[in-house]
Amino acid sequence: MPIRLAIRLRRTIESRDNPLQKPLQYLKGVGPKRAELLGRLGLFTPQGLLYFLPRDYQDRSQITPIKDVKFGSTATVKGTVLDVGLKPTRGRRTLLEVLVDDRTGTIAATWFNQPFLAEKFRKGQEVLLHGKIGSYKYLQIVNPEFEFIDEGRGDSSKADGRPYASGIVPIYPLTEGIGQGYLRGLAMRALEECVPYLEEIIPPSLQRLRRLMPLQEAVKEVHFPASMESMRRARKRLVYEELFLFQMAVALRRNRVRQEKGYAFSIGPNVDVHVRRLFPFRLTGAQERAIGDIRRDMESPRPMNRLLQGDVGSGKTAVALYAMLAAVANGFQSALMAPTEILAEQHYRTLERYLAHARVRVALFVGGSPGRKENLEALAKGEIDIAVGTHALVSRDVHFKKLGLVVVDEQHKFGVLQRVGLRLKGQRPDVLVMTATPIPRSLSLTLFGDLDVSIIDEMPPGRPPVKTLWVSRERLQEAHEFLRCRLREGRQVFVVYPIIEESERLDLRSAKEGARLFQKYFPEFRVEPLHGRLSSAEKERIMRDFRERRIHILVSTVVIEVGIDVPNATVMVIEHAERFGLAQLHQLRGRIGRGAEQSNCLLFAEPASLEAKKRLEVFTRTNDGFIIAEEDLKLRGPGELFGTRQHGLPDLKVADLVRDLPLLVQAREDAFRLVETDATLKKFPTLKGRLQGSSLGGLGRQGLASVG
């Protein structure tokens with residue numbers, strides 16, 4: 001029997017025998033119809049239900065005397081049932097009234113059209129009620145949740161099937177057809193029947209080190225906590241476990257890569273001097289530190305796996321070129337892959353400029369680039385040293401003779417398969433991943449947790465920071481006069497719109513309409529539109545004319561987000577700026593401020609939402625991409641910043657990457673330390689089994705190959 005089939009069969013048998021993994025419809029009180037509704041919440045097994053955490057809690061432990069309840073408030077009261085009455089109302093409906101007295105006053109608990117509840121109440125019972133206080137002819141508590149008080153023990157009884165009016169009560173996310181009471185009862189049933197089958201995976205030493213609550217206790221307390229402090233401790237335990245599992249997979253994948261044998265490059269003083277002579281400027285301290293990291297990686301026999309992170313215009317390309325030339329000096333080829341043709345062509349021109357007096361052969365590979373057949377043959381023979389291109393580099397007809405270094409720029413714009421595909425063009429080449437999109441630390445530890453990280457946090461000298469201004473409609477004429485002054489001084493202007501053409505669904509101006517308007521406003525200057533629907537040749541012509549100052553105002557969509565470097569363009573106008581995310585605004589602003597002249601970014605915006613206003617306020621306050629990235633993460637969340645499935649973000653059920661960064665750092669430290677001491681997890685079979693049964697955001701198969 002094939003191994004994969006045997007593993008699948010074993011897991012199927014295990015899931016049948018394990019109450020945690022049985023279909024949820026077989027849990028008492030569910031059935032096929034309700035199971036379908038619960039599936040909308042992502043609930044398919046009792047285990048999924050146990051890890052389906054409340055979104056909030058209500059503390060109903062404080063009981064209010066009936067005489068002190070306030071109209072319109074929500075309160076918990078306790079008293080004795082005086083009377084139970086069922087009355088008809090209009091439209092054949094019914095009104096159930098249960099009078100409750102606590103010696104300070106009397107209140108009527110009322111339910112519309114639920115006559116079956118009358119059978120649950122009898123005179124003389126003690127009852128807890130929780131709900132909104134209303135008033136008709138007398139004081140009411142409307143449609144309350146309720147519990148009966150056990151006279152023998154003096155505590156609340158939940159056996160009536162309508163949980164849970166007292167104590168700290170969980171509030172779950174809901175879907176149509178599923179109510180809070182039902183979900184609470186279902187959670188309690190899953191706790192009673194399935195919690196004993198939960199297995200500890202966190203080693204006892206780590207539980208003691210991090211002061212973690214035992215798993216079974218944590219799962220119970222996170223649903224029905226004895227106190228808010230107990231709930232926080234329970235949540236900490238579950239968050240840590242989720243992050244620890246993910247970081248274990250990251251650590252295992254990193255360990256597997258480090259076991260591979262790559263190329264040990266020789267980068268001595270002679271190579272270093274020859275490379276530096278090609279740079280017409282002095283490197284910053286941050287660039288020097290990054291180069292030092294890369295040199296150590298390349299001189300090691302282990303394949304380099306490094307992320308180079310730096311703000312727009314910080315000089316990442318020069319650092320990457322140093323690495324590529326070091327590989328070339330050792331007789332290897334390098335590949336630089338960019339997400340768009342514009343950015344690939346920009347890199348190609350930059351390399352040609354740096355290498356004008358060097359004997360290094362560079363070729364461009366983009367869709368439909370001239371001389372492609374000849375370039376492919378030269379690349380396969382080793383006659384091309386550096387190949388620059390888009391995902392076209394991953395094509396089947398692209399072959400390298402001796403690929404030693406892969407550089408991937410703006411890597412988050414590529415799918416995993418494209419990045420891996422380029423790496424497979426060689427025999428375990430070194431990999432350098434670059435991004436000008438600053439990434440918050442929490443996302444860096446998850447998205448790039450298996451990479452070594454170098455950060456360029458210093459800008460080249462002589463570049464004044466861009467001044468950013470939010471322009472209201474009242475100041476539009478003033479803004480146009482400012483643009484006219486800059487244009488008359490010989491400067492150029494970018495204007496960015498969120499859409500190419502007008503849309504009936506969106507009340508937004510388009511780039512095409514904007515080009516017509518700006519030509520009308522500035523008839524003495526040449527205005528041209530640039531967008532993704534133009535042919536490659538047309539885009540290249542427009543960009544060439546803009547670089548050579550024949551075009552004064554370039555009206556574009558976000559196609560200019562990366563890859564355009566025109567130092568003479570010192571003004572950026574962003575129309576409908578409220579429609580862009582912070583990271584995208586930062587990338588757009590990065591197209592200016594690339595020379596010694598003062599640059600200005602004007603935001604034309606009329607934000608309707610509070611979040612959009614906050615984005616613009618943050619953006620006008622700072623040029624620091626890392627601060628902007630952190631604020632963007634807080635406002636939008638990780639799933640909006642990067643597509644979860646495309647880019648390897650874990651599908652977290654419990655943890656919050658913004659709120660739980662300290663726990664993420666702890667979990668990472670613990671996971672990496674454990675893998676260093678026991679890379680096969682021989683001492684931790686339960687943890688090993690849990691990891692092998694989980695995809696963990698795509699890391700499972702890659703990270704666990706070394707576990708066996």
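All values reported here derive from a predicted model rather than from experimental measurement. Sequential numbering from 1 along the given sequence is applied to the chain's residues.
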Check your understanding: Side chains of Gln492 and Asn568: do they bring a donor and an acceptor to under 3.5 Å?
Key -> yes
Exercise for review: Using a strict cut-off of less than 4.0 Å between a Lys/Arg side-chain nitrogen and an Asp/Glu carboxylate oxygen, indicate whether Glu611 and Lys614 qualify as a salt bridge.
Suggested key: no
Check your understanding: Any idea how Tyr521 and His480 line up, ring-wise: parallel (<30°), tilted (30 to 60°), or perpendicular (>60°)?
Key -> tilted
Practice item. Over all heavy atoms of both residues, which pair between Val527 and Ala515 is shortest? Give the atoms and the distance, please. Key: CG1-O, 3.7 Å
Exercise for review: Look at Glu606 together with Lys613 and state whether they make a salt bridge at an N to O cut-off of under 4.0 Å.
Suggested key: no
Check your understanding: Phe546 and Phe494: aromatic ring centres closer than 6.0 Å?
Key -> yes
Check your understanding: Is a salt bridge present between Arg516 and Glu513, judged by a nitrogen-to-oxygen distance below 4.0 Å?
Key -> no
**Study point:** Cationic N near anionic O, under 4.0 Å, Glu481 to Arg484
**Key:** yes
Practice item. Salt-bridge test for Glu374 and Arg372: reply yes if a basic N is under 4.0 Å from a carboxylate O, no otherwise. Key: no
Practice item. Identify the heavy atoms of Gly514 and Val555 that sit nearest to each other, and give their distance. Key: C-CG1, 4.2 Å
Exercise for review: Inspect the contact between Glu478 and Arg475 and indicate whether a charged nitrogen and a carboxylate oxygen are less than 4.0 angstrom apart.
Suggested key: yes
Study note, to complete from the structure: For Ile455 and Val453 the tightest heavy-atom approach is CG1-CG1, 3.9 Å
Check your understanding: Would you call Arg550 and Glu548 a salt bridge, using N to O less than 4.0 angstrom?
Key -> yes
Check your understanding: If you look at every heavy atom in Ala344 and Leu364, which pair is closest and at what distance?
Key -> O-CD1, 3.9 Å
**Study point:** Carboxylate-amine/guanidinium proximity below 4.0 Å for Glu540 and Arg547
**Key:** yes
Check your understanding: Quick one: does NZ or CZ of Arg589 land under 6.0 Å from the six-membered ring centre of Phe619, within 45 degrees of the ring axis?
Key -> yes
Check your understanding: Which pair of non-hydrogen atoms, one from Thr284 and one from Met459, has the smallest distance, and what is that distance?
Key -> CG2-O, 4.1 Å
Practice item. Return the orientation label for the Tyr354 and Phe279 ring planes: parallel under 30°, perpendicular over 60°, tilted otherwise. Key: perpendicular
Exercise for review: Ignoring hydrogens and angles, state whether a donor on the side chain of Asp311 or His586 is under 3.5 Å from an acceptor on the partner side chain.
Suggested key: yes
**Study point:** Salt bridge Arg615-Glu578, side-chain N to carboxylate O under 4.0 Å
**Key:** no
Practice item. Output, in order, the C-alpha distance, side-chain angles, deciding distance and verdict of side chain to side chain contact (heavy atoms under 4.5 Å, CB included) for Val406 and Leu432. Key: CA-CA 6 Å; Val406 167; Leu432 179 65; over 6 Å; no
**Study point:** side chain to side chain contact (heavy atoms under 4.5 Å, CB included) between Val388 and Val362, worked out
**Key:** CA-CA 7 Å; Val388 182; Val362 185; 4.0 Å; yes
Practice item. Decide whether Arg306 and Ser454 meet the rule of one side-chain donor and one side-chain acceptor closer than 3.5 Å. Key: yes
Check your understanding: Got a donor-acceptor contact below 3.5 angstrom from the Asp430 side chain to the Met304 backbone?
Key -> yes
Exercise for review: Kindly give the heavy-atom pair with the smallest separation between Ile456 and Ser314, and that separation in Å.
Suggested key: CG2-O, 3.6 Å
Practice item. Please name the residue in the list Val360, Leu351, Val407 that meets the side-chain contact (heavy atoms from CB on, under 4.5 Å) test with Leu321. Key: Leu351
